Structures are given as structure tokens and as C-alpha cells.
Amino acid sequence: MLLYDGPEGRRAARLVEVEAYHGTRDPASHAFRGPTPRTTVMFGRPGHAYVYLSHGVWYCMNIVAHESDIAGAVLLRGAEPLEGFADGARLSGPGLLGRAFTLSIAHSGVDLTRSALQLRDAPAVPPREVARGPRIGIAESATSARPWRLWVRGSSGVSR
DNA sequence: CGAATGATCCGA
DNA sequence: CGGATCATTCGA
């Protein structure tokens with residue numbers, strides 16, 4: 001689950017949909033062309049957040065998941081509200097999730113084990129409730145044979 | 001389906 | 001410096 005003690009109070013959500021990106025080995029990854037000012041955090045330590053602006057509007061969050069040279073990361077795509085959100089808030093989709101947590105570029109690079117923004121353990125999801133498939137919005141060549149999108153079957157926090 | 005939003009990257 | 005890109009979302 002994701003926890004944020006931010007300016008608007010404490011917010012928590014259960015992560016139910018993610019996608020994996022294999023850093024420098026994955027053409028769909030922002031890290032594919034090597035480190036740039038925006039993507040250097042992906043070449044740093046695992047457990048830190050990589051936040052970027054998508055389509056001029058949406059702040060999307062990744063968790064750095066590999067040691068430096070690989071620069072792999074996990075994109076958070078969907079969650080179920082647990083605490084601190086308005087009734088009926090939708091966290092289904094990476095942009096909506098970022099907006100619900102009032103994320104911005106300032107959150108890129110924070111240590112998710114020590115900051116106001118934290119990744120916390122949550123009860124394990126039974127394997128039969130976990131579905132997997134191709135990533136969304138990625139060119140066929142990049143995503144073929146890589147079912148790196150994982151989600152909790154039937155959750156309202158999963159994007160379409 | 002298509003528009004709209006803006007930081008970022010690359011090539012020139 | 002300019003044009004293309006981008007892992008998006010919403011509303012007809």
C-alpha cells in the first residue's frame with residue numbers, strides 16, 4: 001500500500017495494478033537511452049520514487065526496483081482508496097492515482113522508506129486473484145512476450 | 001475517435 | 001532552437 005502524510009492530511013491506498021519496466025534493456029522505458037536529468041533517479045537506489053509528467057497534465061509514479069545499471073522500475077497504475085480520500089474518488093489509472101495523492105515533480109527521487117510518501121507492506125494477495133497481461137499503451141514490438149502488467153482481478157482500482 | 005495539456009529529449 | 005514524443009484521460 002501507498003501512504004502519504006502530505007499537506008492535505010494522511011492518505012492511504014491499496015495498490016492493485018502495476019507495470020514493470022526493464023530500464024536500459026526495455027525500449028518502452030524512460031531509462032532506455034541512458035540517464036538524463038529527468039531519469040537519473042532510476043539509475044540510483046531501489047526504493048525511491050521516479051515521478052514524471054505525462055501528457056502535460058498527469059504526474060505518474062514509479063518505484064525504482066533495480067540496482068543502478070539496470071534502472072528498472074515499476075509504474076503504479078491503479079489503487080483502491082483506503083483512507084483520506086473524498087467519497088467516490090477514483091485511483092484507477094496512473095494519472096488519476098498521481099492526482100489523488102497530489103504528486104508533483106518534487107516527489108521524484110524521494111526515499112519511499114523514509115519520507116512522508118511511503119510504500120508499506122500489505123496483506124498478501126492470493127495468487128489466484130492476480131492477473132497478468134501485456135502492458136497498456138506500449139508499441140507491440142516492445143511489449144510482445146512481456147506480460148509485465150499485473151493487477152488484482154475484479155478490483156475497482158484497476159484501469160480499463 | 002480526437003483534443004488538450006507541457007516537460008523533456010534529440011537533432012541540427 | 002524547434003518538432004516529436006509521451007507509460008493519459010475525458011467527452012462526444
Side-chain angles (χ1 to χ4, degrees), chain A residues 1-2 4 6 8 11 13-81 84-112 115 117-119 125 130-160:
Chain A
M1 60 174 264
L2 192 61
Y4 185 36
E8 326 219 344
R11 288 177 178 169
R14 176 193 184 221
L15 300 171
V16 295
E17 181 185 359
V18 299
E19 280 178 4
Y21 287 84
H22 210 292
T24 51
R25 301 182 188 176
D26 181 356
S29 170
H30 286 179
F32 183 60
R33 295 172 204 279
T36 69
R38 181 176 60 152
T39 62
T40 41
V41 315
M42 274 203 276
F43 292 83
R45 301 283 306 157
H48 289 233
Y50 165 57
V51 179
Y52 69 95
L53 179 64
S54 173
H55 297 82
V57 182
W58 312 102
Y59 286 98
C60 303
M61 174 178 163
N62 299 247
I63 298 165
V64 178
H66 272 287
E67 292 295 341
S68 22
D69 286 349
I70 308 290
V74 174
L75 171 69
L76 274 31
R77 289 196 53 93
E80 295 171 0
F85 295 101
D87 261 6
R90 306 282 310 173
L91 287 63
S92 52
L96 292 181
L97 181 55
R99 187 178 69 179
F101 274 93
T102 62
L103 297 182
S104 75
I105 202 69
H107 294 96
S108 201
V110 307
D111 183 342
L112 292 170
S115 311
L117 184 62
Q118 288 198 7
L119 190 64
V125 179
V130 179
R132 68 185 302 180
R135 295 176 296 180
I136 290 185
I138 311 280
E140 189 65 31
S141 59
T143 193
S144 60
R146 290 173 180 174
W148 287 350
R149 173 178 177 241
L150 303 177
W151 67 98
V152 176
R153 221 169 233 121
S155 167
S156 61
V158 174
S159 63
R160 69 177 173 83

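Letters A, B, ... mirror the listed sequences (proteins, then strands); counts begin at 1. It should be emphasised that the depicted structure is a prediction, and the values quoted were computed from it without experimental measurement. As a basis for the values below, the full set of heavy atoms in this structure was taken, side chains included, without hydrogen atoms, waters or symmetry mates.
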- prompt: What is the nucleic acid contact for A/S29, judged by heavy atoms within less than 4.0 Å: base, sugar-phosphate only, or nothing?
  reply: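 Result for A/S29 = base.
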Partners passing ring pair (Phe, Tyr, Trp, His ring centres under 6.0 Å) against A/Y59 (at least two apart in sequence or in another chain):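 Counting only residues at least two positions away or on another chain, A/Y59 forms no ring pair (Phe, Tyr, Trp, His ring centres under 6.0 Å).
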task: Round to a whole Å and report the spacing from CD of A/E17 to P of C/dA7.
output: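 Value for this atom pair: 15 Å.
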- prompt: Can you check the A/R90 CZ to C/dT9 P distance for me, whole Å?
  reply: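 From A/R90 CZ to C/dT9 P: 11 Å.
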task: For A/R25, enumerate each residue passing the side-chain contact (heavy atoms from CB on, under 4.5 Å) test, keeping only those at least two apart in sequence or located in another chain.
output: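 In terms of side-chain contact (heavy atoms from CB on, under 4.5 Å), with neighbours along the sequence ignored, A/R25 is linked to A/H22, A/I70.
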task: Check side-chain contact (heavy atoms from CB on, under 4.5 Å) between A/A31 and all other residues, then give those that pass, not counting sequence neighbours.
output: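 Partners of A/A31 under the side-chain contact (heavy atoms from CB on, under 4.5 Å) test: A/S29, A/M42, A/F43, A/A71.
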Please tabulate, for the side chains in residues 44-57 of chain A, all donor-acceptor contacts under 3.5 angstrom to protein atoms that are two or more places apart in sequence or on a different chain.
unit_1 : atom_1 : unit_2 : atom_2 : d
A/R45  : NH1    : A/E67  : OE1    : 3.2
A/H48  : ND1    : A/G109 : O      : 3.2
A/Y50  : OH     : A/H30  : ND1    : 2.8

Give every pair of a protein N or O atom and an N or O atom of nucleotides 1-4 of chain C that lie under 3.5 Å apart, one pair per line with the distance.
none

message: Can you pull out the residues from residues 32-45 of chain A that lie within a 4.0 Å heavy-atom distance of DNA chain C?
response: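 When residues 32-45 of chain A is checked for heavy atoms under 4.0 Å from DNA chain C, there are no hits whatsoever.
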query: Can you list, by residue number, the residues of residues 55-64 of chain A that have a non-hydrogen atom closer than 4.0 angstrom to DNA chain C?
result: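 Only A/H55, A/W58, A/N62 qualify.
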query: Has the side chain of A/T39 got a donor or acceptor atom that lies under 3.5 Å from a matching backbone atom of A/T36?
result: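 Checked: pair present.
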message: Would the distance check show the side chain of A/R11 and the main-chain N or O of A/F101 forming a donor-acceptor pair, the cut-off being under 3.5 Å?
response: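 Pair absent, no side-chain N/O of A/R11 close to backbone of A/F101.
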- prompt: For the atom pair CG (A/L15) and CE (A/M61), what is the distance rounded to the nearest 0.5 Å?
  reply: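 The CG atom of A/L15 sits 8.0 Å away from the CE atom of A/M61.
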A/L91 CG to A/L97 CG distance, which is reported to the nearest 0.5 Å: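 The distance works out to 5.5 Å.
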- request: Enumerate the residues from residues 95-104 of chain A whose closest heavy atom to DNA chain B is under 4.0 Å, giving them by residue number; use none for an empty result.
  value: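 None - not one residue of the stretch has a heavy atom sitting under 4.0 Å from the strand.
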query: In which ranges does DNA chain C form stems of 3 or more consecutive Watson-Crick or G-U pairs, distances under 3.5 Å?
result: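 When the pairs of DNA chain C are grouped into runs of at least three, the stems are B:1-4 with C:8-11, B:6-11 with C:1-6.
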- prompt: Which residues satisfy the side chain to side chain donor-acceptor pair (under 3.5 Å) test with A/E19, sequence neighbours excluded?
  reply: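 Applying side chain to side chain donor-acceptor pair (under 3.5 Å) to A/E19 gives A/Y21.
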message: At a heavy-atom distance below 4.0 Å, which nucleotide of DNA chain B is the first touched by chain A, and which is the last?
response: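 On DNA chain B, the outermost contacted nucleotides are B/dT5 to B/dC10.
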Side chains of [X] and [Y], heavy atoms from C-beta outward: is any pair under 4.5 Å?
X      : Y     : result
A/L112 : A/V64 : no
A/L117 : A/Y4  : yes
A/V18  : A/L76 : yes

- prompt: Between A/S115 and A/V110, which heavy-atom pair has the shortest distance, and what is it?
  reply: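 That would be OG-CB, 3.7 Å.
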task: Please name the pair of heavy atoms, one in A/D26 and one in A/A20, separated by the smallest distance, quoted to 0.1 Å.
output: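 What the structure gives for the nearest pair is OD2-O, 4.3 Å.
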message: I'd like to check the salt bridge (charged side-chain N to carboxylate O under 4.0 Å, His left out) partners of A/R14; sequence neighbours left out, ordered by chain and number.
response: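 Listed in chain order: A/E80.
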message: Going by side chain to side chain contact (heavy atoms under 4.5 Å, CB included), A/R77 matches just one of A/C60, A/P94, A/S92. Which one?
response: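 Answer after filtering A/C60, A/P94, A/S92: A/P94.
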A/E17 and A/S155: side chain donor to acceptor below 3.5 Å: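 Their side chains do not contain a donor-acceptor pair, so the 3.5 Å distance test is not met.
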